[in-house]
Structure formats: structure tokens, C-alpha cells
Amino acid sequence: MSYVVARMQKLKADNLVGLGNHDQRKTENHSNQDIDVSKSHLNYDLVAGRTQNFKTDIQKYIDENKASQRATRKDAVLANEWVITSDKNFFEKLSDDETKRYFETVKEYFANNFGDENIRYAIVHLDEHTPHMHMGIVPFDDDRKLSAKRVFNRAALQKIQDDLPQYLNRKGFEIERGEKNPERKNLTVPEYKAMKQELETVKAETRKQRQELDKYQFPDEKDVKITRKPALFKQGYSVVQNISLDMLERDAGQGQLAHKLMIDLEKENEKLRKEKQDLQMANLDLTRKNQKLTKTLHNAQNLIKHMANVLREKLGDKLHIRASTWHKVGLEAPNKSDKRVKRNQERNTAPRR
């Protein structure tokens, strides 16, 4: 039986523009090679009309419906996007109408639990390898306060993974929950797509190797001559001519070799796939650490600039900071000529006694 795939990512203001262009197919050039632009007209939005521009329309909805009159924080999560799908075999068994009903049922479940109006878009993509839905939900709690941490906390996410497959079962879909594994890392949507693409690549390589093995030509049965002769010790004993026996032994040996080769190749593919996954995870971890360090460095540089300005205001020309000191913290030394010009201007504008 197929599994429900439900993955969530948090969206802030900076994420909404690019994601909106992707989900709504506003550009012709896509980094995702799975997109078949000739089929993009088949995509549809189950709540069409609610959101034309992801950033401005979602922000407008929040401003008009939030309980507080205070401005939304710049780093606040404005929406939680859920990507809903299953495997390709599941959708191949469904008609177009049943596929649409599947996604409508999922939307219905989230509307019942998190508010229908809070679902600002529910775009179904039929122009990629496997049908899937991008559904954006504004995380308003019962008090109309914007809080992704409260609305989609760990308990809520666990409940969705447990309840959604059961809800779909009651609506007539043969689908089940994925395996529970508390130690398994929850992938972001881009990470999930990357892993899914890698899995498809491994499957394609395995199919190719099986096809190469199928090309092996075994001799026709007519070429192997077996005659029945009276047995010395057992009635009905089969006697095989020497030349036919040699052919059988040769083909058996080649068959065993081919089978061993196939097993070895599958093991090697599995090993390479795991190594690639490990490298991807390590690269992702390093990227996150680098971003964090870059942000920390930027904040430190701003603090140094601020402190230097404060000291300059208090000490004036008595403050001397070497250019090498600025360079050590990744900053350019202030231009001395600019300082002289500024001081001369201040002297010229000062009232004379």
C-alpha cells in the first residue's frame, strides 16, 4: 500500500516572492528539471482567487485579521507551506477526478483543523513527475495571534501524520501512514525533493542494469539434446550427450556469474546512494553553520562600527585606530581625507569671535 507524504516548511517574508513565482509558474525558466511547461496549464488552485501575489496578499490578510494592532515582526513566519503527495503508483490508479478529490480531501482535513480561510493557496501541480499540492496556511491560533510555534508544534505535527491517513481512508483512499521513527530527520521540502530525485536516479540505474542482463542470449532448448536410455542402476535415468552437458555447464556458470554481478552492482548502488546522502547532509550542515557565522560576523562588524563612532564623537581627533586594526575585523579604514574635509567644513562654518 502507498504512503501519505506530508512535508512542511516555514515561510517568512523573504521566501514568499520566489516561492510564489515557482508555485504559480510565473516564470518560463525553472531550475527544477522535472517541470514540463507544456503541461503547466493543467495545474489548478483549490482556493483560487485568494492569493495573487504571495507576499503582498498574505501580508494583507494577516494585517486585516490579526488581533494585535502591532506591526508584524520582520522575521515572523507568515505561512506554513505543506507539500502533499504520494508515490507515482498511487496516482496511476486514480482518474483525474479522483486525483482532484484526493487533494480536496486533504485540504478539507486542514480546513477543519486550522481554519478554511487561513488556507491562502492550495496549488496542485500536474506538470511534474508525480502529482502534488503546495498548500499555504497562515498560522493563526484561536486568539487570532500569529504563531507558527504554537499552531504547528511537535504535538500538532505528530497528530497530522497520524490522523490524515485515517481521514483519507474514511473517504475511500487506500493509503497509510509512513513508518514512525523518532530519530529520523524531518526533511525540508527542497531536501525531500532532492532525496526523491536521488532515489529515482538509483531506480533508473538499477532498471538499466537489469535490461543489460536481460540482453544475455541463452542457447535455444533445441540445441541441448537429452536422450532417454536404459539406466544401469535406476530406471528412467537421463543420459546427456557430452557436448550438450558442456553447454549446460557453461551456461549455468555464466548465469551464476551474471546473477552475482547483478547483486554486486545493486550493493554498490546502495552504498553510493548512502554515501551521497551523507555528503548532502554534511554539506547542508556546513552551509547552515557558514550562514550562522556570516551573520555573527556581520553583527560584530556593525557593533565595532557603532563603538568607533561613539568613541569618535567623544574623543574627536584623539582617537586613532590603525588601518591594520580595521582590516583584521574585515572592515575598511575610514578615509582620512574625508575626515579632514569634514573638519575643515566644521571650522569654516563655526562662528568667528
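We use all heavy atoms of the structure for the numbers below, so side chains are in, but hydrogens, waters and symmetry mates are not.
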(message) Would I35 and H22 count as a side-chain contact (heavy atoms from CB on, under 4.5 Å) here? Give the steps.
(response) CA-CA 10 Å; I35 297 175; H22 169 77; 3.9 Å; yes
With sequence neighbours excluded, what pairs up with [X] under the side-chain hydrogen bond (donor to acceptor under 3.5 Å, both in side chains) test?
| X | result |
| --- | --- |
| R144 | none |
| Q161 | none |
| N65 | none |

(message) So if I apply the side chain to side chain contact (heavy atoms under 4.5 Å, CB included) rule between V138 and each of L78, N80, L146, L11, which one comes out positive?
(response)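 Single side chain to side chain contact (heavy atoms under 4.5 Å, CB included) partner of V138 among L78, N80, L146, L11: L146.
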Mind checking what makes salt bridge (Lys or Arg N to Asp or Glu O under 4.0 Å) contact with [X], not counting sequence neighbours?
| X | result |
| --- | --- |
| D142 | none |
| D45 | none |
| D163 | K159 |
| D97 | none |

Return yes if some donor-acceptor pair links the side-chain N/O of [X] with the main-chain N/O of [Y] below 3.5 Å, else return no.
| X | Y | result |
| --- | --- | --- |
| T51 | D57 | no |
| K12 | L16 | no |
| H134 | E81 | no |
| H125 | I123 | no |
| N169 | I175 | yes |

(request) Could you tell me whether K289 and D285 have a side-chain N and a carboxylate O separated by less than 4.0 Å? (result) yes
(message) Tell me whether E270 is salt-bridged to R273, with the criterion being a basic N under 4.0 Å from an acidic carboxylate O.
(response) yes
(request) With sequence neighbours left out, write down each residue that passes ring pair (Phe, Tyr, Trp, His ring centres under 6.0 Å) with Y102, or none if nothing qualifies. (result)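 Listed in chain order: F90, F91, F173.
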Please tell me if the side chains of [X] and [Y] come closer than 4.5 Å, counting only heavy atoms from C-beta onward.
| X | Y | result |
| --- | --- | --- |
| R150 | D141 | yes |
| L272 | K276 | no |
| F110 | L164 | yes |
| Q9 | N15 | no |
| Y109 | I160 | yes |
| D127 | L42 | no |
| W82 | F114 | no |
| E176 | P165 | no |

(message) Could you tell me if K145 sits above the aromatic ring of F140, with its cationic atom closer than 6.0 Å to the ring centre and no more than 45 degrees from the axis?
(response)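 Relative to the ring axis of F140, which defines the angle, K145 lies outside at least one limit.
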According to a hydrophobic-cluster definition based on side-chain heavy atoms being under 4.5 Å apart (Ile, Leu, Val, Met, Phe, Trp, Tyr only), do [X] and [Y] belong together?
| X | Y | result |
| --- | --- | --- |
| F152 | I58 | no |
| V151 | I84 | yes |
| V4 | L46 | yes |
| M133 | L19 | no |

(request) Among Ile, Leu, Val, Met, Phe, Trp and Tyr joined by side-chain contacts under 4.5 Å, find the other residues sharing a cluster with I263 and list them by chain and number. (result)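 Joined to I263, directly or through intermediates: none.
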Take a 6.0 Å sphere around [atom1] of [X] and say whether it holds more than 12 heavy atoms from other residues, nucleotides or ligands.
| X | atom1 | value |
| --- | --- | --- |
| K26 | NZ | yes |
| E174 | CD | no |
| K66 | NZ | yes |

Nearest heavy-atom pair of [X] and [Y]: which atoms, and what distance?
| X | Y | result |
| --- | --- | --- |
| P131 | L126 | CB-CD2, 3.8 Å |
| F54 | G20 | CD2-CA, 3.3 Å |
| N153 | K149 | CB-O, 3.2 Å |
| V47 | I119 | CG2-O, 4.0 Å |
| M8 | L157 | SD-CD2, 4.0 Å |
| V5 | S86 | CG2-CA, 4.2 Å |

Ignoring hydrogens and angles, state whether a donor on the side chain of [X] or [Y] is under 3.5 Å from an acceptor on the partner side chain.
| X | Y | answer |
| --- | --- | --- |
| S2 | D87 | yes |
| N21 | T27 | no |
| N302 | H306 | no |
| D162 | Q166 | no |

(request) Take K274 and D278, measure what salt bridge (Lys or Arg N to Asp or Glu O under 4.0 Å) needs, and give me the verdict at the end. (result) CA-CA 6 Å; K274 289 182 178 179; D278 291 341; over 6 Å; no
Working to the nearest 0.5 angstrom, can you tell me the gap between [X] [atom1] and [Y] [atom2]?
| X | Y | atom1 | atom2 | value |
| --- | --- | --- | --- | --- |
| E64 | I62 | CD | CD1 | 11.0 Å |
| K93 | N89 | NZ | CG | 6.5 Å |
| L297 | N290 | CG | CG | 10.5 Å |
| Q291 | L286 | CD | CG | 11.5 Å |
| E128 | S40 | CD | OG | 8.5 Å |
| N118 | N113 | CG | CG | 12.0 Å |

(message) With salt bridge (Lys or Arg N to Asp or Glu O under 4.0 Å) as the rule and sequence neighbours excluded, what pairs involving residues 108-117 come up?
(response) R50-D116, R50-E117, K107-D116, E108-K171, E117-R120
(request) Sequence neighbours left out, what passes side-chain contact (heavy atoms from CB on, under 4.5 Å) with E266? Give chain and number order. (result)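 E266 satisfies side-chain contact (heavy atoms from CB on, under 4.5 Å) with T206, R210, M262 only.
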(request) Return the set of residues passing side-chain contact (heavy atoms from CB on, under 4.5 Å) with L303 (not counting sequence neighbours), or none when no residue passes. (result)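 Once residues adjacent in sequence are excluded, the partners of L303 under the side-chain contact (heavy atoms from CB on, under 4.5 Å) criterion are M307.
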(request) Run the numbers on R101 and E104 for salt bridge (Lys or Arg N to Asp or Glu O under 4.0 Å), then give the verdict. (result) CA-CA 5 Å; R101 190 173 76 84; E104 287 177 336; over 6 Å; no
